[in-house]
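Here's the structure, in structure tokens; my notes come after.
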There are 2 protein chains.
Amino acid sequence: MTDNSNHFEKLLIKNGLKRTGPRLQVLDILSNRDSATSQPYLEQVMGTEVDRVTLYRVLKAFEEKGIIHKVLDNHGTANYAICSGNCNANEHHDEHVHFNCNNCKKVYCLANVQIPAFKVPAGFKVENLNLIASGICAACADKD
Amino acid sequence: MTDNSNHFEKLLIKNGLKRTGPRLQVLDILSNRDSATSQPYLEQVMGTEVDRVTLYRVLKAFEEKGIIHKVLDNHGTANYAICSGNCNANEHHDEHVHFNCNNCKKVYCLANVQIPAFKVPAGFKVENLNLIASGICAACADKD
DNA sequence: TTTTTAAATGCAACTATATTGCATTTATAT
DNA sequence: ATATAAATGCAATATAGTTGCATTTAAAAA
Ligand SMILES: [Mn+2]
Ligand SMILES: [Mn+2]
Ligand SMILES: [Zn+2]
Ligand SMILES: [Zn+2]
């Protein structure tokens with residue numbers, strides 16, 4: 001509902017995706033949240049007008065195009081967040097730390113926190129990193 | 001089938017768990033593998049003699065007692081590995097890096113690779129860390 | 001503007017993982 | 001040998017995700 005509508009429409013076109021209701025709705029929801037958004041939450045707020053399968057397909061297409069990235073939280077639930085901008089269909093650049101609050105269950109993209117380097121045993125070839133810190137988020141810590 | 005049977009029986013007793021078939025079977029399977037073991041794999045090799053629900057309950061009990069630890073791989077699938085020894089019902093100490101091979105899908109405990117420290121934004125309280133590196137494991141890299 | 005068409009959606013069916021309640025069985029203590 | 005709490009089996013249920021196919025629609029072409 002905010003007026004990023006036009007920006008989102010261009011984003012879809014740029015990626016060769018048609019400008020459809022479900023897609024714009026997903027972009028709108030994701031961009032108006034301060035944390036990553038879980039699939040169940042998306043399914044719930046999108047209501048029954050959009051089919052579950054469509055939602056899954058929208059998310060899959062966005063991920064493939066580098067528009068959003070997926071983060072599995074501590075329970076294996078899929079959470080999605082808009083990519084930082086330099087991602088595309090060929091490569092994602094979202095290797096920042098994610099924080100999963102044990103209280104409110106939110107998943108935060110700590111966009112400024114890079115995953116530190118470490119050594120792996122000989123022979124192993126690392127291609128991707130995924131670091132999830134869990135604990136209490138700033139918002140929940142305040143409520144005391 | 002190996003003769004850790006006696007050791008496992010003591011382990012169960014020590015944790016106040018009865019010495020039952022399904023439990024010994026799970027311990028036997030997990031201890032004879034070089035990587036973590038997925039729930040689906042366990043379910044498959046345990047066969048139909050043991051009910052699925054029993055397997056889930058065995059895994060849950062072991063995790064709570066600090067006998068095994070759970071690692072979710074890149075697809076959200078639960079994988080289990082025997083703990084290193086210093087874990088108990090009160091606290092787990094398995095904060096090593098895990099490696100998920102994109103080829104053979106195995107999840108390795110890199111027991112000697114600690115998760116390096118990093119800073120989080122003010123207000124966030126980190127309690128647990130989970131770092132999964134993915135790529136090609138040593139065994140798969142050899143087959144070329 | 002109308003027509004065309006590939007892309008996107010909806011719907012139904014299905015698979016897989018995981019949990020809960022309750023009846024029955026069994027490992028262990030007495 | 002018996003008692004009992006713990007463990008298991010079974011049926012039902014919940015939730016996440018996928019696939020095939022018919023229908024609709026956004027966008028390009030005429
Ligand atoms: Mn992120
Ligand atoms: Mn491990
Ligand atoms: Zn929180
Ligand atoms: Zn491998």
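Chain letters run A, B, ... following the sequence lines, proteins first, then strands; residues in each count from 1. Atoms considered below: every heavy atom in the structure, side chains included; atoms not considered: hydrogens, waters and symmetry mates.
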### Query
Would you say the ring centroid of His93(B) lies under 6.0 angstrom from that of His69(B)?
no
## Note on the structure
Besides Phe124(A), the hydrophobic cluster formed by Ile, Leu, Val, Met, Phe, Trp and Tyr side chains linked at under 4.5 Å, directly or via other members, contains Val97(A), Phe99(A), Tyr108(A), Leu110(A), Val113(A), Ile115(A), Phe118(A), Val120(A), Val126(A), Leu129(A), Leu131(A), Val97(B), Phe99(B), Tyr108(B), Leu110(B), Val113(B), Ile115(B), Phe118(B), Val120(B), Phe124(B), Val126(B), Leu129(B), Leu131(B)
### Task
Counting heavy atoms from C-beta on, name the nucleotide in dC10(D), dT18(D), dT17(C) closest to the side chain of Tyr56(A).
dT18(D)
#### Entry: Check: Asn86(B) side chain, Ser84(B) main-chain N or O, donor-acceptor pair, under 3.5 Å
no
### Message
Can you measure Asn15(B) atom CG to dA6(D) atom C1' for me and round it to whole angstrom units?
### Response
15 Å
#### Entry: Arg52(A) CZ - dT19(D) P separation (whole Å)
14 Å
### Task
Please report, rounded to the nearest Å, how far the P atom of dA13(C) is from the CG atom of Asp51(A).
14 Å
Taking N or O atoms only and anything under 3.5 Å, show me the protein contacts with nucleotides 21-28 of chain D, one pair per line.
residue	atom	partner	partner atom	Å
dA26(D)	N3	Lys18(A)	NZ	3.4
dA27(D)	OP1	Arg19(A)	N	2.9
dA27(D)	OP2	Arg19(A)	NH1	2.5

### Query
Side-chain donor-acceptor pair under 3.5 Å between Ser134(B) and Asn74(B), yes or no?
yes
### Task
Would you kindly give the NZ-to-P distance between Lys60(A) and dA7(C), to the nearest whole Å?
15 Å
### Task
Would you indicate what Glu49(A) reaches in the nucleic acid, counting non-hydrogen atoms under 4.0 angstrom: base, sugar-phosphate, or nothing?
sugar-phosphate
#### Entry: Distance in angstrom units between Asn79(A) CG and dA16(D) P, rounded
11 Å
### Message
If I take atom CG in residue Leu55(A) and atom P in nucleotide dT18(D), what distance separates them, rounded to the nearest angstrom?
### Response
11 Å
#### Entry: Atom pair CZ (Phe62(A)) and CG (Asn15(A)), whose distance is rounded to the nearest 0.5 Å
9.0 Å
### Query
Where each residue is assigned the nucleotide of DNA chain C containing its nearest heavy atom, which of Gly21(B) and Val53(B) is assigned the position nearer the 5′ end?
Val53(B)
### Query
Is Asp28(B) reaching over with its side chain to a backbone N or O of Leu24(B), donor-acceptor style, under 3.5 angstrom?
no
### Query
Taking CD from Glu43(B) and P from dG9(D), how many angstroms apart are they, rounded to a whole number?
13 Å
### Task
Measure the distance from OH on Tyr80(B) to P on dT17(C) and round it to the nearest whole Å.
12 Å
#### Entry: Most 5' of Gln39(B) and Arg23(A) on DNA chain C, judged by nearest nucleotide
Arg23(A)
### Task
Measure the CG-CD1 distance between Asn130(B) and Ile132(A) for me, rounded to the nearest 0.5 Å.
6.5 Å
### Message
Under 4.0 Å, counting only non-hydrogen atoms across every strand here, what does Ala61(A) touch: a base, just sugar-phosphate, or nothing?
### Response
nothing
